[in-house]
Amino acid sequence: MTALATSPDLEDWQVSEPFWAPDIYYTHECPDLFRMGDWWYLAYSTFSERSVTHYRMSRSLAGPWLAPANDTFDGRAYYAAKTAGDGQRRYVFGWLPTRSGEKDDGDWNWGGNLVVHEIVQSADGTLDVRPPDSIVR
């Protein structure tokens, strides 16, 4: 579940009603809320058989929160991703674990490499990623 907690002084806190509580994951962690254009996005990670960072989208913080057909920023194991923007572009930063023995069929290791993608918004509000321009050059 994700709820908003606010404080005027960082000592006294008020927790709002959850604005998204799907009850469909064992874990729901590392939430990140951001806005692009007319849409709000909630990114979060699930530690399941896939260990992945998902996102949901809504035109209002009150919902409804929509799950697009492709609701992840990257493949399996792109985890604990957070976003940041520079006023023109938005980026997502997440961990991609290495594999034991540096082999494709090796066990997933914890941690790994920090991978950065630029977030691209489609006309329908869904998100995709691409390499940042500074890397492509």
Side-chain angles (χ1 to χ4, degrees):
M1 129 175 75
T2 298
L4 178 64
T6 58
S7 172
D9 56 12
L10 300 179
E11 290 184 19
D12 298 308
W13 290 88
Q14 171 145 4
V15 178
S16 303
E17 288 292 316
F19 61 91
W20 196 67
D23 295 326
I24 58 176
Y25 301 110
Y26 174 71
T27 59
H28 177 212
E29 59 185 4
C30 305
D32 185 2
L33 182 68
F34 63 94
R35 186 178 181 125
M36 288 180 75
D38 295 333
W39 289 92
W40 284 96
Y41 297 94
L42 172 63
Y44 61 94
S45 292
T46 57
F47 189 78
S48 62
E49 69 282 351
R50 291 184 350 158
S51 297
V52 69
T53 300
H54 300 272
Y55 78 92
R56 295 297 183 258
M57 51 193 281
S58 177
R59 292 197 184 265
S60 165
L61 287 176
W65 291 91
L66 308 174
N70 178 12
D71 73 339
T72 62
F73 292 106
D74 201 331
R76 188 230 186 273
Y78 188 68
Y79 200 72
K82 293 294 198 179
T83 70
D86 64 6
Q88 296 179 5
R89 294 177 183 87
R90 190 145 201 104
Y91 303 91
V92 60
F93 306 79
W95 293 103
L96 191 61
T98 53
R99 294 277 195 130
S100 293
E102 300 299 321
K103 296 183 179 188
D104 289 344
D105 62 351
D107 290 337
W108 293 101
N109 297 315
W110 184 250
N113 301 307
L114 182 65
V115 176
V116 181
H117 298 296
E118 182 179 345
I119 299 174
V120 181
Q121 185 183 48
S122 300
D124 66 358
T126 58
L127 301 178
D128 204 350
V129 296
R130 67 180 177 207
D133 288 340
S134 59
I135 293 174
V136 176
R137 293 181 195 174

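Numbers here simply count residues along the sequence, with the first being 1.
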J.: Where the side chain of Lys82 meets the backbone of Ala43, is there a donor-acceptor pair that is under 3.5 Å apart?
T.: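 No, the answer is negative, given that no donor and acceptor are paired below the 3.5 Å cut-off.
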J.: Show me the donor-acceptor pairs, under 3.5 Å and distance only, between side chains in residues 119-127 and residues at least two apart or in other chains.
T.:
unit_1: Gln121; atom_1: NE2; unit_2: Met36; atom_2: O; d: 3.0
unit_1: Gln121; atom_1: NE2; unit_2: Tyr41; atom_2: OH; d: 2.7
unit_1: Asp124; atom_1: OD1; unit_2: Thr126; atom_2: N; d: 3.0
unit_1: Asp124; atom_1: OD1; unit_2: Thr126; atom_2: OG1; d: 2.6

J.: About how many Å separate CH2 of Trp40 and CG of Leu33, when rounded to the nearest 0.5 Å?
T.: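 Output value for this atom pair is 5.5 Å.
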J.: Measure from the ring center of Tyr78 to the ring center of Phe73 and say whether it is less than 6.0 Å.
T.: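 That pair fails the under 6.0 Å test.
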J.: Does Arg99 make a cation-pi contact with Trp108, if we ask for NZ or CZ under 6.0 Å from the ring centre and within 45° of the axis?
T.: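 Yes, Arg99 and Trp108 form such a contact.
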J.: Rounded to the nearest 0.5 Å, what separation is found between the CG atom of Asp12 and the OG1 atom of Thr6?
T.: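 Taking CG in Asp12 and OG1 in Thr6, the distance rounds to 11.0 Å.
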J.: According to a hydrophobic-cluster definition based on side-chain heavy atoms being under 4.5 Å apart (Ile, Leu, Val, Met, Phe, Trp, Tyr only), do Leu61 and Leu42 belong together?
T.: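 Yes, Leu61 connects to Leu42 through the hydrophobic network.
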J.: According to salt bridge (Lys or Arg N to Asp or Glu O under 4.0 Å), does anything in residues 106-118 pair up with another residue at least two apart or in another chain? List the pairs.
T.: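 Passing the test, one end in residues 106-118: Arg89-Glu118, Glu118-Arg130.
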J.: Between Ser58 and Trp65 (side chain of the first, backbone of the second, donor and acceptor by atom type, cut-off under 3.5 Å), is there such a pair?
T.: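 No; zero donor-acceptor contacts below 3.5 Å.
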J.: Out of curiosity, Asp32 CG to Ser45 OG, how far, rounded to the nearest 0.5 Å?
T.: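 Nearest 0.5 Å value for the CG-OG distance: 9.5 Å.
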J.: Side chains of Asp74 and Thr53: does their closest heavy-atom pair fall under 4.5 Å?
T.: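 No, too far: nothing below the 4.5 Å cut-off.
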J.: Angle between ring planes, His54 versus Tyr44, binned at 30° and 60°: parallel, tilted or perpendicular?
T.: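 The arrangement is parallel - the two ring planes meet at less than 30°.
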J.: I'd like to know if the side chain of Arg35 reaches the main chain of Gly37, judged simply by a donor and an acceptor atom lying under 3.5 Å from each other, with no hydrogens or angles considered.
T.: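 Checking the backbone N and O of Gly37 against the side chain of Arg35, a donor-acceptor pair under 3.5 Å is found.
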J.: What distance separates Thr83 OG1 from His117 NE2, expressed to the nearest 0.5 Å?
T.: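 One finds 13.0 Å between OG1 of Thr83 and NE2 of His117.
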J.: How about Asp9: does its CG atom have over 12 heavy atoms from other parts shown lying under 6.0 Å from it?
T.: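 Correct, the count exceeds 12.
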J.: Mark yes or no for whether Asn109, through its side chain, and Gly112, through its backbone, hold a donor-acceptor pair below 3.5 Å.
T.: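 No: the side chain of Asn109 does not pair with the backbone of Gly112.
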J.: For the residue pair Pro132 and Val116, what are the closest heavy atoms and their distance?
T.: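 Looking at all heavy atoms of both residues, the closest pair is CD-O, 3.7 Å.
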J.: Check the hydrophobic clustering (I, L, V, M, F, W, Y; side-chain heavy atoms under 4.5 Å; chains of links allowed) and say if Phe93 and Trp95 are grouped together.
T.: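 In one cluster: yes.
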J.: Count I, L, V, M, F, W, Y as connected when their side-chain heavy atoms are under 4.5 Å apart, and connections chain through other members. Are Phe34 and Tyr79 then in the same cluster?
T.: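 No, Phe34 and Tyr79 fall in different hydrophobic clusters.
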